[in-house]
Amino acid sequence: MKIGVNDLIERVKVNMEELTDAYNESVSLEGGIDIITYIREKLPDALLSVWASAPVESLPQTDCAASLQPERRPDGSGRVVLPTDVWRMTEFCMEGWRQPVTTFVDRSSPAYELQFNPYTRGGVAFPVCVLSNEDGQKCLDYYALPPCTEAHRVKTARYVAYPQPSGDVYEIAESLIPTVCYTCAAFVFEILGRPEQAAAMLRSIVR
């Protein structure tokens, strides 16, 4: 669902059990930053923290298949440069594959080394995708299509973007909103040097 930043801020403040101007003044630190500023700044971190353990189907996803331009290699593998706001890839499939990839590896994985051997690399039945970052670009190497495949086309590609409000509105699954607000409250209490209150907020999360 779509929820405004101001609504989220109020919910976090309710969780912190303080809504008065006096409280805002009591937590204002040198430089004049008040509690609302801290909540606004920590909302993206709270979202990422919650999303890291949330089911993929509960996360807002972006379809980017149409914007990707595959770079074909002679051996049937290839590469696409991903959008800059990718936080987590959730699905990738080339035309010609029998199934999409939903679990991605990086270059530290033993599976990456297997992609250099034509007998152990991924193929149309069990494809493999490797994520990397080169020269500031997020890349996905895919393995593989038959070497005789002339045209490489992306069939599906979806990802979760870094959380940024659109028009001061976030897209968050309704079931995750309470967890996000408690987590944000905990992060703010940590900034304020109140670890006991931060721990109390995290204990309030319904698992």
Quick one: pull up [atom1] in [X] and [atom2] in [Y] and give me the separation to the nearest 0.5 Å.
X: R88; Y: L48; atom1: CZ; atom2: CG; result: 11.5 Å
X: I39; Y: K13; atom1: CD1; atom2: NZ; result: 6.5 Å
X: L82; Y: C139; atom1: CG; atom2: SG; result: 7.0 Å
X: E71; Y: D141; atom1: CD; atom2: CG; result: 9.0 Å
X: M94; Y: R153; atom1: CE; atom2: CZ; result: 9.5 Å
X: K2; Y: E174; atom1: NZ; atom2: CD; result: 14.0 Å

>> Assess the residue pair L176 and S58 against the criterion (side chain to side chain contact (heavy atoms under 4.5 Å, CB included)); give the C-alpha distance rounded to whole Å, side-chain angles, the decisive distance to 0.1 Å, and a yes or no.
In response: CA-CA 8 Å; L176 296 181; S58 68; 3.8 Å; yes
Please report the shortest heavy-atom distance between [X] and [Y], naming the atom on each side.
X: C129; Y: Y142; value: SG-CB, 4.3 Å
X: Q164; Y: Y170; value: C-CE2, 3.7 Å
X: H152; Y: P70; value: O-CG, 3.5 Å
X: P147; Y: R72; value: O-NH2, 3.0 Å
X: K42; Y: F187; value: CE-CB, 3.9 Å
X: Q115; Y: G122; value: OE1-N, 2.9 Å

> Between the main-chain N or O of I9 and the side-chain N or O of N6, is there a donor-acceptor pair closer than 3.5 Å?
Replying inline: no
> Under the 3.5 angstrom rule, does the side chain of T183 hit a backbone N or O of T179 as a donor-acceptor pair?
Replying inline: yes
> Between R40 and D168, is the closest basic N to carboxylate O distance under 4.0 Å?
Replying inline: yes
Are the side chains of [Y] and [X] in contact, using a 4.5 Å heavy-atom criterion?
X: L192; Y: Q197; result: no
X: V80; Y: Q69; result: no
X: R11; Y: I3; result: yes
X: T149; Y: P146; result: yes
X: L43; Y: P163; result: no
X: C181; Y: I177; result: yes
X: L68; Y: F92; result: yes
X: V124; Y: L145; result: yes

> Where do R121 and V128 land on the side chain to side chain contact (heavy atoms under 4.5 Å, CB included) test, with the steps shown first?
Replying inline: CA-CA 8 Å; R121 74 190 321 178; V128 173; over 6 Å; no
Out of curiosity, does [Y] fall in the hydrophobic cluster containing [X] (side-chain heavy atoms, cut-off under 4.5 Å, transitive links)?
X: F126; Y: Y143; answer: no
X: V86; Y: L140; answer: yes
X: L59; Y: Y162; answer: yes
X: V160; Y: V81; answer: no
X: V169; Y: L8; answer: no

>> F104: which residues meet the ring pair (Phe, Tyr, Trp, His ring centres under 6.0 Å) condition with it, sequence neighbours left out?
In response: none
> According to the side-chain hydrogen bond (donor to acceptor under 3.5 Å, both in side chains) rule, which pairs have a member within residues 90-106, sequence neighbours left out?
Replying inline: Q61-T90, E91-T156, E91-R158, D106-S108
>> P60: which residues meet the side chain to side chain contact (heavy atoms under 4.5 Å, CB included) condition with it, sequence neighbours left out?
In response: W51, E171
> Is atom CD of E134 surrounded by more than 12 heavy atoms (other residues, nucleotides or ligands) closer than 6.0 Å?
Replying inline: yes
> Looking just at side-chain N and O atoms, do D85 and Y159 make a donor-acceptor pair shorter than 3.5 Å?
Replying inline: yes
